[in-house]
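Take a look at the structure set out below.
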Amino acid sequence: MKTKVIILGGGVAGMSAAHELGERGFDVSVYEMKRLPGGKARSMPVPGSGTEGRADLPGEHGFRFFPRFYKHIIDTMKRIPYGDDGYVADNLTEGTRLGLARKDGLPVEFLTEFPSSFSDLKDLFKSLFDNDLGLTEAEVEHYLSRIWQVMTSCDERRAEEYQNTPWWSFINADEQSDNFKRVFAGLTRILVAAKAKEANTCTVGTVGAQIMMDMVLPGGSADRLLDGPTNEVWLHPWLTYLRHLGVDYHLNAKVEAVTCTDGRITGATITEDGLTREVQGDYYICALPVEVMARLVSPEMLQADPTLAGIKLLSDDVEWMNGIQFYFKEDVPIIHGHMIYMDSPWALTSVSQAQFWPEFPMSEYGDGTVQGVLSVDVSDWEAPGPLYGKPAKNCTKEEIKEEVWYQLKLSLNAAGQEILRDDNLHSWFLDEDIHMPNPAGTLVNLEPLLVNKVYTRELRPNAYTRIPNLLLASDYVRTNTDLATMEGANEAARRAVNNILEKTESKAKFCKIWDMYEFPPLALQRHHDKKRYEKGLPWDGSIFSPVGR
């Protein structure tokens, strides 16, 4: 008889676990609360926008971004059939530019792919910021020296020292100019919804350094996107493949409780289409967001594994990062990649989607008159906006739309330009996870994002637990990725599956787990730092370092 695995949560982590188990012949059932698969990764139809047989306009929780350093999720996408003879990974397309929009000048563009190798890493890194950003050479040198320190530090130093060092302190932001803070410290909250004073240096520094490295090394773009709406070119084909493997995938199925008896999980209570029942299996993988899982950790589970208490504490370390889409009568490509709005109080980023969707023209959606869509992520929901003087959390949905549109125009229409025009705006859509429970209340976010803050590493659990048939697969689990992303969720799922393979003594091949942030060209420097760390010595940039200290 096949081993039965119950997967609670059908986002990227849950689908990844089902994929690996399904290909290895396990009996798998997945229970997803939403009406669509994919969790935060999903695109969602704008209700009632389609007319005369056209599909509803595609909306999003937030735009998709696949950096070049992603390995786990890309490997999975290479194994999802698409079309007659292709795979979902074929639907990744490269953005060639990264833009910094500002209120006091034209947007600055970075090339995110280089056709040839580099001769001097320092000079190439410096060239990234030699773009009339108002930074002094000393400021660029200072920032790059910190990036270099992270890149050339050993794993042990990153885990023991940098996990508990705020990025703000590490780059000495208090001692730098306002312009330095504007360009460098602000990138933290925009890219990962993290505040630089709270986010840890290990996570922010290594991810930031990796993205910079990918921008200067040959081998393709550091900025990849999907070539169509997420559901159409990734998630729906994935769900089809899972069901082909025999995975029993349930939508509109909410997890109400997890039952633990005598130190083992004996069932999960599910409400599906209005009916509540208990489901049972040999193993249970909880692939739920941290704030959802925290509510399901029962006293019985804590008695069996006291370390699960860390999940409850970790559930407070979330921020909001949600999307809003603006649909245009005429397309506004803006830049061939992602744009960062440095001066936006709400930490906005955007991508013009239609230019990357050649096989999915916008005219085939909605009422047929839409030609473009600007997908915007709002990463700071607590700072007051310049239009209404209120944080996004305290605004109505209409006020959020007006405020975001106003902040976009402050940057894109700077220096006498008129990139965004009111008369070109067709409609807009705010992520359906943003709710207003009552007319007088503040907004509620159904799907916030975990932030890797200082002193939280010890709270993050492994994929395995002390409850022998309970595994965890979510972006808060300890992984090499070390960031709440699709990549981290997929890696966590692989770790959970590997534990089941081991426990069942399966002869199936283990899921591959990649190392991350190794910076191969700097292996000698990192080895040097490991020797110093083992002797209790601090990082020393005077040896092997092109930047120096």
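Reckoned from all heavy atoms, side chains included, excluding hydrogens, waters and symmetry mates. The chain is numbered in sequence order, starting from 1.
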Does one side chain, of His338 or Thr349, offer a donor that lies under 3.5 Å from an acceptor on the other?
->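 Side chains of His338 and Thr349: no pair found under 3.5 Å.
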Any donor-acceptor N/O pair, [X] side chain to [Y] backbone, under 3.5 Å:
X: Asp56; Y: Ser49; value: yes
X: Arg102; Y: Met342; value: no
X: Asp475; Y: Leu450; value: no
X: Arg224; Y: Pro67; value: yes
X: His426; Y: Tyr327; value: no

Surrounding [atom1] of [X] (heavy atoms of other residues, nucleotides or ligands, distance under 6.0 Å), is the total greater than 12?
X: Asp104; atom1: CG; result: yes
X: Phe360; atom1: CZ; result: yes
X: Asp423; atom1: CG; result: yes
X: Lys71; atom1: NZ; result: yes

Which is it for Arg79 and Glu20 under the salt bridge (Lys or Arg N to Asp or Glu O under 4.0 Å) test, yes or no, and what are the steps along the way?
-> CA-CA 10 Å; Arg79 292 184 281 124; Glu20 301 295 346; 2.6 Å; yes
Matching residue for Arg42 among Glu432, His61, Glu60, His236 - test: side-chain hydrogen bond (donor to acceptor under 3.5 Å, both in side chains) =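 Exactly one pass, corresponding to Glu432.
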